[in-house]
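The structure appears right after this line, and notes come after that.
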Amino acid sequence: MEETLVSADGKNLRAVLCQRCGCRVLSVGTATLAKRELLLPSMKKKSSLADESNPDCELLVEHWLVHDMFTFENVGFTKDVGNVKFLVCADCEVGPIGWHSLEEKNNFYVAIQRVRHE
């Protein structure tokens with residue numbers, strides 16, 4: 001990961017944007033770097049994420065961690081898929097860009113590889 005993305009205290013130094021449409025997902029300094037192995041389905045439209053029972057997945061490790069859903073500038077959520085909701089772009093609905101476990105009420109993960117930074 002680029003060191004220019006993370007401040008000394010582990011916060012995002014640049015805004016987090018949707019890769020596809022450029023919609024702002026998180027503002028500067030609102031998320032903390034977290035390393036956790038999460039399996040996310042391949043990027044698709046929101047409607048196909050909730051319907052597909054066996055999607056192609058990718059193991060991602062570096063994420064922006066947010067503890068309050070109201071920290072996001074723009075983000076959408078899929079319907080529950082087991083005990084998980086996937087995060088998608090609120091404008092173009094492509095994702096998942098992240099993951100939220102219903103068991104961890106205050107942890108929202110945005111995969112660094114699934115977004116761009118400005």
Side-chain angles (χ1 to χ4, degrees):
M1 179 203 326
E2 290 179 52
E3 292 169 11
T4 58
L5 294 179
V6 186
S7 66
D9 63 347
K11 298 281 189 185
N12 58 310
L13 282 173
R14 297 203 246 156
V16 177
L17 310 174
C18 173
Q19 282 182 344
R20 181 171 181 249
C21 72
C23 173
R24 182 180 294 248
V25 177
L26 289 165
S27 294
V28 174
T30 58
T32 307
L33 178 65
K35 294 194 181 221
R36 179 175 178 176
E37 290 187 351
L38 296 174
L39 202 58
L40 291 179
S42 298
M43 298 275 281
K44 298 181 180 184
K45 289 283 277 181
K46 178 180 171 182
S47 56
S48 64
L49 283 173
D51 296 339
E52 202 167 323
S53 60
N54 218 355
D56 292 333
C57 292
E58 181 180 9
L59 183 65
L60 301 170
V61 177
E62 293 181 320
H63 310 275
W64 292 120
L65 174 60
V66 175
H67 295 293
D68 182 350
M69 67 185 282
F70 297 106
T71 301
F72 290 102
E73 295 288 323
N74 289 296
V75 77
F77 294 88
T78 63
K79 294 178 184 172
D80 297 0
V81 180
N83 66 340
V84 170
K85 284 184 181 280
F86 293 110
L87 281 60
V88 298
C89 174
D91 281 359
C92 69
E93 295 189 340
V94 165
I97 59 170
W99 180 90
H100 169 66
S101 168
L102 299 175
E103 295 169 1
E104 297 179 34
K105 300 259 186 248
N106 297 322
N107 289 338
F108 302 85
Y109 295 90
V110 176
I112 289 176
Q113 287 180 285
R114 299 277 178 101
V115 292
R116 63 185 174 98
H117 299 85
E118 178 180 89

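Taking CD of E103 as the reference point, atom CG of N83 lies at 4.5 Å (rounded to 0.5 Å). Atom NE2 of residue H67 and atom CG of residue N106 lie 8.5 Å apart, to the nearest 0.5 angstrom. The CZ atom of F77 lies 5.0 Å from the CZ atom of F108; values are rounded to the nearest 0.5 Å. In this structure, CG on D80 lies 9.0 Å from NE2 on H100, to the nearest 0.5 angstrom. Separation of atoms OG1 (T32) and NE2 (H63) is listed at 13.5 Å; rounding is to 0.5 Å. If you take CD on Q19 and SG on C92, they are separated by 10.0 Å, rounding to the nearest 0.5 Å.
Nearest heavy atoms, G22 versus L17: O-CD2, 3.8 Å. Counting all heavy atoms, side chain and backbone alike, A111 lies closest to L40 at CB-CD1, 3.9 Å. In this structure, E73 and S27 approach most closely via the heavy-atom pair OE2-OG, 2.8 Å. The shortest non-hydrogen separation linking I97 to C89 is CD1-N, 4.3 Å. The minimum heavy-atom distance linking Y109 with A34 is given by the pair CE2-CB, 4.2 Å. Pairing each heavy atom of T71 with each of T30, the nearest pair is CG2-CB, 3.5 Å.
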Next item on the list: Could you walk me through whether E118 and R24 pass the side-chain contact (heavy atoms from CB on, under 4.5 Å) test, one step at a time?
Entry: CA-CA 9 Å; E118 178 180 89; R24 182 180 294 248; 4.3 Å; yes

Next item on the list: Could you give me the CA-CA distance, side-chain angles and deciding distance for K11 and V6, then say whether side-chain contact (heavy atoms from CB on, under 4.5 Å) is met?
Entry: CA-CA 5 Å; K11 298 281 189 185; V6 186; over 6 Å; no

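With respect to E104 and R36, a salt bridge is recorded, a charged nitrogen being found less than 4.0 Å from a carboxylate O. By the 4.0 Å N-to-carboxylate-O rule, K35 lies close enough to E62 to be salt-bridged with it.
V88 places none of its side-chain heavy atoms less than 4.5 Å from the side chain of V94. Counting heavy atoms from C-beta outward, F86 and W99 have side chains that approach closer than 4.5 Å. Under the 4.5 Å side-chain criterion, counting only non-hydrogen atoms from C-beta, H117 is in contact with L5. Between S42 and E58 there is no side-chain heavy-atom pair separated by less than 4.5 Å. With contacts defined as side-chain heavy-atom distances shorter than 4.5 Å, the pair F72/V110 qualifies. With contacts defined as side-chain heavy-atom distances shorter than 4.5 Å, the pair L39/C57 qualifies. The shortest side-chain heavy-atom distance between V16 and V25 falls under the 4.5 Å cut-off. Side-chain contact between L65 and N107: present, with at least one pair of heavy atoms (C-beta onward) separated by less than 4.5 Å.
Hydrophobic cluster membership is shared by W64 and F70, with clusters built from Ile, Leu, Val, Met, Phe, Trp and Tyr side chains linked at under 4.5 angstrom.
Evaluation of the side-chain contact (heavy atoms from CB on, under 4.5 Å) rule for N74 yields C23, A90 as partners, not counting sequence neighbours.
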